[in-house]
Participant: 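Mind having a look at this structure? Questions to follow.
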Amino acid sequence: MNKKWIVRKNVVNRFKESKDTLSNYTRISLLLLAGKVGIFFGTSTGNTERVADLICNEFGSDAEGPFDIDSVQGSVTKKFSEYDALIVGTPTWNTGADTERSGTGWDEIYYGEMKDLNISGKKVAVFGLGDQISYSENYADASGELHDVFEKLGCKMIGYTSQEGYEHEFSKAIRGEKFCGLLCDEINQDDLTVERVHNWVAQLKAEGILGGESGVKVEEAKDIIVEEDTNPAVVNGQQDLISKLEEENSRLRKMLEDSKIMDRVLKEEIMDDSYTPHYNPKSGVTMWTSGNGKKCYFTKDAPKTP
């Protein structure tokens, strides 16, 4: 379901205050529909499911799931088609392997059921779990394979994150200078998971996972009541009103989705010299991290050099 404005007309019956007869009215409802996010994961010990739950809770009503990939085998095409964007997660068990590294149901569908999926253009973000100390040279390798499978299907990959704050030596989940998604370590850094999830979901919204470039969303629908009439002049007047409302909706949506407004507020009210920029050329988003790595903010353009 793509984000769009809908003008909905419902004929309803109301009593006029001055008469006992019924009179038809038209209710015009203006709705801004936001695309839903589907969250899917594979797991062996339950840790990946826990992180998937945290992500889902951060999105609230904007996301559905999380769904264990084992539960949708055989209906992956149908299930993925229900969402405008996907968040997919995996652990790593087959450490160092070239393919099928997750040790979960993902391995069974990567090169079978998913091979011919028609999901080109769908926004996809990846999260993964691993042990960066015991497997420092193969940290969260399976996340890289999960990323590549969807990228080869033509999906728009978002949600790349900085490697700062981790102690790994190498990972097949690195793309350029970034991780290909959110990586969590429930063995050595479980105390950082909640904050990392919170910051990552904020980043995904800034990157437009909910359908708009800025992730701004209007939740309330407005109703306008106009009296129905068979007089052609009145009917034409009602159509003119609907057209004007549609034009106004388009104007308001443009204002809401203008990411420059968000960027300017962040730069003027939040940014200072204590934050370090990390620019992602693929998404065009800059992540600004605090000196201690516990806070971050996002802007929609490359950082300007002094």
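Below, all heavy atoms of this structure are taken into account, side chains as well, without hydrogens, waters or symmetry copies.
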Participant: Is a side-chain donor or acceptor of Gln203 paired with a backbone partner of Tyr160 at a separation under 3.5 angstrom?
Facilitator: yes
Participant: May I ask whether Trp200 and Leu183 are part of the same hydrophobic cluster, defined by side-chain heavy atoms of I, L, V, M, F, W, Y residues being less than 4.5 angstrom apart, directly or through others?
Facilitator: no
Participant: Hey, does His147 have a side-chain heavy atom less than 4.5 Å from the side chain of Met157?
Facilitator: yes
Participant: Between Val51 and Cys184, which heavy-atom pair has the shortest distance, and what is it?
Facilitator: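 Heavy atoms of Val51 and Cys184 come nearest at CG1-SG, 4.2 Å.
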Participant: Kindly determine whether Glu186 and Arg50 satisfy salt bridge (charged side-chain N to carboxylate O under 4.0 Å, His left out), including the steps that lead there.
Facilitator: CA-CA 10 Å; Glu186 292 293 271; Arg50 172 180 176 268; 2.3 Å; yes
Participant: Would you kindly confirm whether Met114 and Tyr111 end up in one hydrophobic cluster when ILVMFWY residues are joined by side chain heavy atoms under 4.5 Å apart?
Facilitator: yes
Participant: Search all heavy atoms of Thr43 against all heavy atoms of Thr104 and return the closest pair with its distance.
Facilitator: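 Heavy atoms only, the tightest pair is N-CG2, 3.6 Å.
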Participant: Validate the cation-pi geometry between Lys79 and Phe67: distance from NZ or CZ to the six-membered ring centre under 6.0 Å, angle to the ring axis within 45°.
Facilitator: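 Yes, a cation-pi geometry.
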Participant: Taking side chain as C-beta onward, heavy atoms only, is Ile55 less than 4.5 Å from Pro66?
Facilitator: no
Participant: Which heavy atom in Ala125 sits nearest to a heavy atom in Leu204, and how many Å separate them?
Facilitator: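 Where Ala125 meets Leu204 most closely, the heavy atoms are CB-CD2, 3.7 Å.
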Participant: Indicate the atoms forming the closest heavy-atom contact of Ala52 with Phe127, along with that distance.
Facilitator: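 Ala52 and Phe127 have their closest heavy atoms at CB-CZ, 3.8 Å.
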Participant: So which of Val126, Val124, Ile209 actually passes side-chain contact (heavy atoms from CB on, under 4.5 Å) with Ile87?
Facilitator: Ile209
Participant: Give a yes or no on whether the backbone of Ile158 and the side-chain of Glu207 come within a donor-acceptor separation of less than 3.5 Å.
Facilitator: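 No; zero donor-acceptor contacts below 3.5 Å.
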Participant: Under 30°, 30 to 60°, or over 60°: which ring-plane class applies to Tyr139 and Tyr166, parallel, tilted or perpendicular?
Facilitator: tilted
Participant: Using modelled atom types and a 3.5 Å cut-off, is there a donor and acceptor pairing between side-chain atoms of Asp185 and backbone atoms of Asn188?
Facilitator: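 Looks like yes, one N/O pair under 3.5 Å.
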Participant: Going only through I, L, V, M, F, W and Y residues with side-chain contacts under 4.5 Å, is there a path from Ile69 to Leu117?
Facilitator: yes
Participant: Between Glu49 and Asp68, is there a side-chain heavy-atom distance shorter than 4.5 Å?
Facilitator: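 They are not in contact (no side-chain heavy atoms under 4.5 Å apart), so the answer is no.
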Participant: Step by step, would you call Ile187 with Ser134 a side-chain contact (heavy atoms from CB on, under 4.5 Å)?
Facilitator: CA-CA 10 Å; Ile187 306 299; Ser134 301; 5.9 Å; no
Participant: Counting only N and O atoms by type, is there a donor-acceptor contact under 3.5 Å from the side chain of Thr90 to the main-chain atoms of Gly128?
Facilitator: no
Participant: Supply the atom-to-atom distance Tyr110 OH to Lys115 NZ, rounded to the nearest 0.5 angstrom.
Facilitator: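 Rounded to the nearest 0.5 Å, the OH-NZ separation comes out at 16.0 Å.
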Participant: For the pair Thr92 (side chain) and Gly130 (backbone), establish whether a donor and an acceptor sit closer than 3.5 Å, ignoring hydrogens and angles.
Facilitator: no
Participant: Spell out, as yes or no, whether a donor-acceptor pair under 3.5 Å connects the side chain of Ser81 to the backbone of Lys78.
Facilitator: yes
Participant: Looking at Asp148 and Arg175, is any side-chain nitrogen of the basic one under 4.0 Å from a carboxylate oxygen of the acidic one?
Facilitator: yes
Participant: Between Asp62 (side chain only) and Lys36 (backbone N and O only), is there a donor and an acceptor less than 3.5 Å apart?
Facilitator: no
Participant: Return the CG to CZ distance between Asp191 and Arg196, rounded to the nearest 0.5 Å.
Facilitator: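 That separation rounds to 8.5 Å.
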Participant: Output yes when a side-chain donor or acceptor of Ser136 lies under 3.5 Å from a complementary backbone atom of Glu169, and no otherwise.
Facilitator: no
Participant: Walk me through whether Lys156 and Glu151 qualify under side-chain contact (heavy atoms from CB on, under 4.5 Å).
Facilitator: CA-CA 7 Å; Lys156 182 178 180 182; Glu151 186 175 52; over 6 Å; no
Participant: Over 60° means perpendicular and under 30° means parallel, so tell me whether Phe150 and Phe80 are parallel, tilted or perpendicular.
Facilitator: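 Answer is tilted, since the angle falls between 30° and 60°.
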Participant: Kindly say whether Glu137 contributes a backbone atom to a donor-acceptor pair with the side chain of Gln132 at under 3.5 angstrom?
Facilitator: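 No, Gln132 side chain to Glu137 backbone: no donor-acceptor pair under 3.5 Å.
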Participant: How many angstroms lie between atom OG1 of Thr48 and atom CG of Leu129, to the nearest 0.5 angstrom?
Facilitator: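 Spacing of OG1 (Thr48) from CG (Leu129) equals 4.5 Å.
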Participant: Keeping the roles fixed (side chain from Trp106, backbone from Asp70), state whether a donor-acceptor pair exists under 3.5 Å.
Facilitator: no
Participant: Any idea which heavy atoms bring Ala63 and Ile39 closest together, and the distance?
Facilitator: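 Between these two residues, the closest heavy atoms are CB-CD1, 3.9 Å.
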Participant: Ile109 and Tyr83: same hydrophobic cluster, using ILVMFWY side-chain contacts below 4.5 Å?
Facilitator: yes
Participant: Please determine whether residues Ile133 and Phe170 belong to a single hydrophobic cluster, defined as Ile, Leu, Val, Met, Phe, Trp and Tyr linked transitively by side-chain heavy-atom distances below 4.5 Å.
Facilitator: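 No: no chain of side-chain contacts under 4.5 Å links Ile133 to Phe170.
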Participant: Before you tell me yes or no, could you show the steps for Lys178 and Gln163 under side-chain contact (heavy atoms from CB on, under 4.5 Å), namely the whole-Å CA-CA distance, both residues' side-chain angles and the distance that decides it to 0.1 Å?
Facilitator: CA-CA 6 Å; Lys178 303 272 190 177; Gln163 297 182 58; over 6 Å; no
Participant: For a quick test of reading the model, state the closest non-hydrogen atom pair linking Ser143 to Ala173 and the distance between them.
Facilitator: CB-CB, 4.0 Å
Participant: List the steps and the verdict of side-chain contact (heavy atoms from CB on, under 4.5 Å) for Asp141 and Tyr135.
Facilitator: CA-CA 10 Å; Asp141 278 357; Tyr135 302 95; over 6 Å; no
Participant: Using the ring centroid of each side chain, check whether His168 and Phe179 are separated by less than 6.0 Å.
Facilitator: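 Between Phe179 and His168, which both carry aromatic rings, the centre distance is below 6.0 Å.
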